[in-house]
Number of protein chains: 2
Amino acid sequence: MTEKQEKILQAALILFAKEGFHATSTSKVAKLAGVSEGLIFRHFGNKDGLLQAILEFGAEKLKDLVVDIVMEPDPKELIKKTIQMPVNVDKEDFDFWKLQFKLKWELEVNSDKKMEPLHMALANAFRKLEYESPELEASLILLYIEGISSSMLKGSNLNVNDMIQLLMKKYEL
Amino acid sequence: MTEKQEKILQAALILFAKEGFHATSTSKVAKLAGVSEGLIFRHFGNKDGLLQAILEFGAEKLKDLVVDIVMEPDPKELIKKTIQMPVNVDKEDFDFWKLQFKLKWELEVNSDKKMEPLHMALANAFRKLEYESPELEASLILLYIEGISSSMLKGSNLNVNDMIQLLMKKYEL
DNA sequence: AAATTGCAAGTAAGTACTCACACATGATTT
DNA sequence: AAATCATGTGTGAGTACTTACTTGCAATTT
């Protein structure tokens, strides 16, 4: 991967995350990246290819987060790690996560499948703790994760740390 | 409001909700509405004015839903009504709600202010029930219903009714 | 007759994308 | 060692088309 290719990906991520995919023209990406517009198409084929490259590149980040949680053997610790997940993302990855949420609505891109291992691990944890409906409890936690993440990314004034405290108490962690 | 104005609003709502605001051209709206493209600008000024008209028209729907809940005197009943809110929306209003969620990410339009009365009512309800952190509990409930609503609108396979059952049990309703 | 509603045909600017060409690097042939 | 070739990187002007929006004029309503 050349220097200019990285520049293009970086610029596209910033703009797609801020303005959205459709609202960002390839000429804007080229200008911010400091390259000719044609180079984008040379390297990535078309605008959609550019998006795919960003997504593949970033899919690893999600995997890393999830794997660390799924591997946890102690069920209570696993649930705790899950709840704390939103505050453990790097600030420099914010653009990528924002893009992820934006695309979910703009292009109906589902990232739910990638969360499936986490869902299973959570269900197992709740099962070990003898909760009545482990599957549902797992879904509920994921619902909360998504909600917290989205309000963090939108810059809401919700106090995330207090919310985490509350949840930890609810699940006796 | 003339017949053609309504046709335009209806067509725009459908397309904005399905494809998104930026991905929908005024010519597509005109075609679906069966009018000339110029008419859109005669009536609504510009594309943004068209969006505003839709949003104002639909803001009433949100108000109606919220008012019904806020007026409830019994705290347990109020919380119950809130949790059940997502399944009580008319199916014919789906496009409007989908648009609402889409815009939250595409144009960073915040509908949080309109939820504020509901948040206060919820906090009050939890206070009456002598919960430890009524404000946080209210935020958490809103997080849940936002998550449930969004997965309903995206056609996720989450079992909404079971989830509502679980929540009701958790809050002893 | 005055105002409103509506249309068809514009406009300038922007869109994703292409293409001919230049330049560099390294391998292969003379 | 010099010349040829192949290949990947990069440019910038150009393509056909779409975009939001305008304008002049006719039909309808008030």
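Chain naming here is simple, since letters A, B, ... match the order of the sequence lines and numbering starts at 1 in each.
Projected onto DNA chain C by closest heavy-atom contact, A/Ser27 and A/Gly38 fall at different nucleotides, the more 5' of which corresponds to A/Ser27. The nearest heavy atom of DNA chain C to B/Gly34 and to A/Lys28 marks one nucleotide each, and the one closer to the 5' end goes with B/Gly34.
One can place CD of B/Glu3 at 12 Å from P of D/dT29, the figure rounded to the nearest angstrom. Summarising the geometry, the separation between CG on B/Leu39 and C1' on D/dC25 is reported as 15 Å, rounded to the nearest angstrom. As a whole-Å value, the separation of A/Lys47 NZ from C/dT15 P is 8 Å. Rounded to whole Å, atom P of D/dA20 lies 8 Å from atom CZ of B/Phe21. In this structure, A/Glu37 places its CD atom 14 Å from C1' of C/dC19, rounding to the nearest Å. Atom CG in A/Leu51 sits roughly 13 Å away from atom P in C/dA16 (whole-Å rounding). Rounded to a whole Å, the CZ atom of A/Phe41 is 5 Å from the C1' atom of C/dC17. Atom CD1 in A/Ile40 sits roughly 13 Å away from atom C1' in C/dT15 (whole-Å rounding).
Aromatic ring pairs are classed by plane angle as parallel below 30°, tilted from 30° to 60° and perpendicular above 60°; the pair B/Phe21 and B/Phe16 is perpendicular.
Put simply, B/His43 has a side-chain N or O that comes within less than 4.0 Å of OP1 or OP2 on C/dG6. Between D/dG10 and A/Thr2, a contact under 4.0 Å exists linking OP1 or OP2 to a side-chain N or O.
Counting non-hydrogen atoms of neighbouring residues, nucleotides and ligands closer than 6.0 angstrom, the NZ atom of A/Lys7 reaches no more than 12 such neighbours. For A/Lys170, the NZ atom counts as densely surrounded, since its 6.0 Å shell holds more than 12 non-hydrogen atoms of other residues, nucleotides or ligands.
Taking only side-chain atoms of B/Arg42, from C-beta outward, the nucleotide of C/dC17, D/dT11, C/dC7 with the closest atom is C/dC7. Listed nucleotides: D/dT19, D/dT11, C/dA8. Nearest to the side chain of B/Ser36: C/dA8.
B/Leu122 and B/Ala138 get closest at one heavy-atom pair: CB-CB, 3.7 Å.
Figure legend: B/Lys91 and B/Phe94 shown without cation-pi pairing, the cationic atom not lying both under 6.0 angstrom from the six-membered ring centre and within 45 degrees of its axis.
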